[in-house]
2 protein chains.
Amino acid sequence: MSKIDYIKTSEIFKALSNPIRLQMVDFLLDDECCVTDVVNELGISQSASSQHLSILKNSGIVYPEKHGTRTCYKVNNKLTEEIITLLNKNNNA
Amino acid sequence: MSKIDYIKTSEIFKALSNPIRLQMVDFLLDDECCVTDVVNELGISQSASSQHLSILKNSGIVYPEKHGTRTCYKVNNKLTEEIITLLNKNNNA
DNA sequence: TTATAATATTATGATATTCTAATATATAAA
DNA sequence: TTTATATATTAGAATATCATAATATTATAA
């Protein structure tokens, strides 16, 4: 009997199944984090950034920290961190 | 600069972003493997099984081996194996 | 208070996903 | 051959995703 919760885990993968969100998480893991930084880094619209970050937030992968008018997003999911580490370590895609 | 190929990697996650397919891969990693076995194990229709296996095949996660009228699917993706191992090892979902 | 900057939300159209039902294909058995 | 078994494919409906455009919210600055 497997220990994997297929529904919960598949929701994490669903959040990571978009190249923009995957890049966001990779970026947020070791860099600056306010929405404007993400917009500039990834070169996508403000609205799209906000919506993608919202999906990552709702799946429990990131959480927001408000600083004045800015919102700083940080990765807060052990599994996701381990997976990104795995991806950066190996050359398997 | 990240080593991650976001498009390729997100396609793997997309294939794993469905609870049925995730369970399929987990099952195929250490058990019998013909389509009927998958149908019985997961309790889904033959057509749905075939379509999900096709998605896993097209994303390079599994490959088929024909034996008479049966088709045996096997996992053939290092990253996927590592991720499933990670999922089974830890209790993070 | 008004204006500005940063972010979030909503509406909408285009495309993608996933299921079921039906049909097709391929191998083996009778 | 005909029949049965195993698997694959297709069509279609319901739902989900994603980008853009427009608007709303919130916090600070002037």
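All figures in this text were calculated on a predicted structure; none of them were measured in a lab. Just so you know, these numbers use all the heavy atoms, side chains as well, and skip hydrogens, waters and symmetry mates.
Summary of the strand contacts: A/Ser45 and B/Cys72 both lie near DNA chain D, and taking for each the nucleotide with the nearest heavy atom, the more 5' one is attributed to B/Cys72. Nearest-nucleotide positions on DNA chain D place A/Arg21 closer to the 5' end than the other of A/Arg21 and A/Lys66. Taking the nucleotide of DNA chain C with the nearest heavy atom to each of B/His67 and A/Val35, the more 5' of the two is matched to A/Val35. Nearest-nucleotide assignment on DNA chain C puts the 5′-proximal partner with A/Arg70, out of A/Ala48 and A/Arg70.
A donor N or O paired with an acceptor N or O is not found under 3.5 Å between the base of D/dT9 and the side-chain atoms of B/Ser54. Scanning atom types as modelled, one donor and one acceptor separated by under 3.5 angstrom connect the side chain of A/Ser47 and the base of C/dT9. For a distance-only test at 3.5 Å, the side chain of B/Thr69 fails to qualify as a donor-acceptor partner of the base of D/dA4.
Atom CD in A/Gln46 sits roughly 12 Å away from atom P in D/dT20 (whole-Å rounding). If you take CG of B/Leu56 and P of D/dA8, they are 12 Å apart, rounded to a whole angstrom. Residue A/Asn40 contributes atom CG, which lies 15 Å from atom P of C/dA5 at whole-angstrom precision. A straight line from CD of A/Gln51 to P of C/dT9 spans 10 Å, rounded to a whole angstrom. In this structure, A/Leu22 atom CG and D/dT17 atom P are separated by 17 Å, rounded to whole Å. Going from atom NZ of B/Lys57 over to atom C1' of D/dT9 covers 11 Å, rounded to whole Å. Rounded to whole Å, atom P of C/dC19 lies 7 Å from atom CD1 of B/Ile44. Rounded to an integer number of Å, the gap from CD of A/Glu65 to P of C/dA6 is 19 Å.
Here the rule is side-chain hydrogen bond (donor to acceptor under 3.5 Å, both in side chains) with B/His52, and of B/Lys57, B/Arg21, B/Gln23 only B/Arg21 fits it. Exactly one of B/Ser47, B/Ser54, B/Ser49 qualifies for a side-chain hydrogen bond (donor to acceptor under 3.5 Å, both in side chains) with B/Gln51. That residue is B/Ser47.
Interatomic distance, OG of B/Ser2 versus CG of A/Asp31, reported as 11.0 Å (0.5 Å rounding). Between the CG atom in A/Leu86 and the CD1 atom in B/Ile4 there is a gap of 9.5 Å [rounded to 0.5 Å]. Atom CG of A/Leu28 sits about 11.5 Å away from atom OG1 of A/Thr80, to the nearest 0.5 Å.
Put simply, B/Tyr73 has a side-chain N or O that comes within less than 4.0 Å of OP1 or OP2 on D/dA8. Within the 4.0 Å cut-off from OP1 or OP2 of C/dT7, at least one side-chain nitrogen or oxygen of A/Thr36 is found. Side-chain N/O atoms of B/Lys14 include none lying less than 4.0 angstrom from OP1 or OP2 on C/dA16. Residue B/Asn18 places none of its side-chain N or O atoms closer than 4.0 Å to OP1 or OP2 of C/dT17.
Contact annotation for A/Leu53: no contact, since no heavy-atom pair falls under 4.0 Å across all strands.
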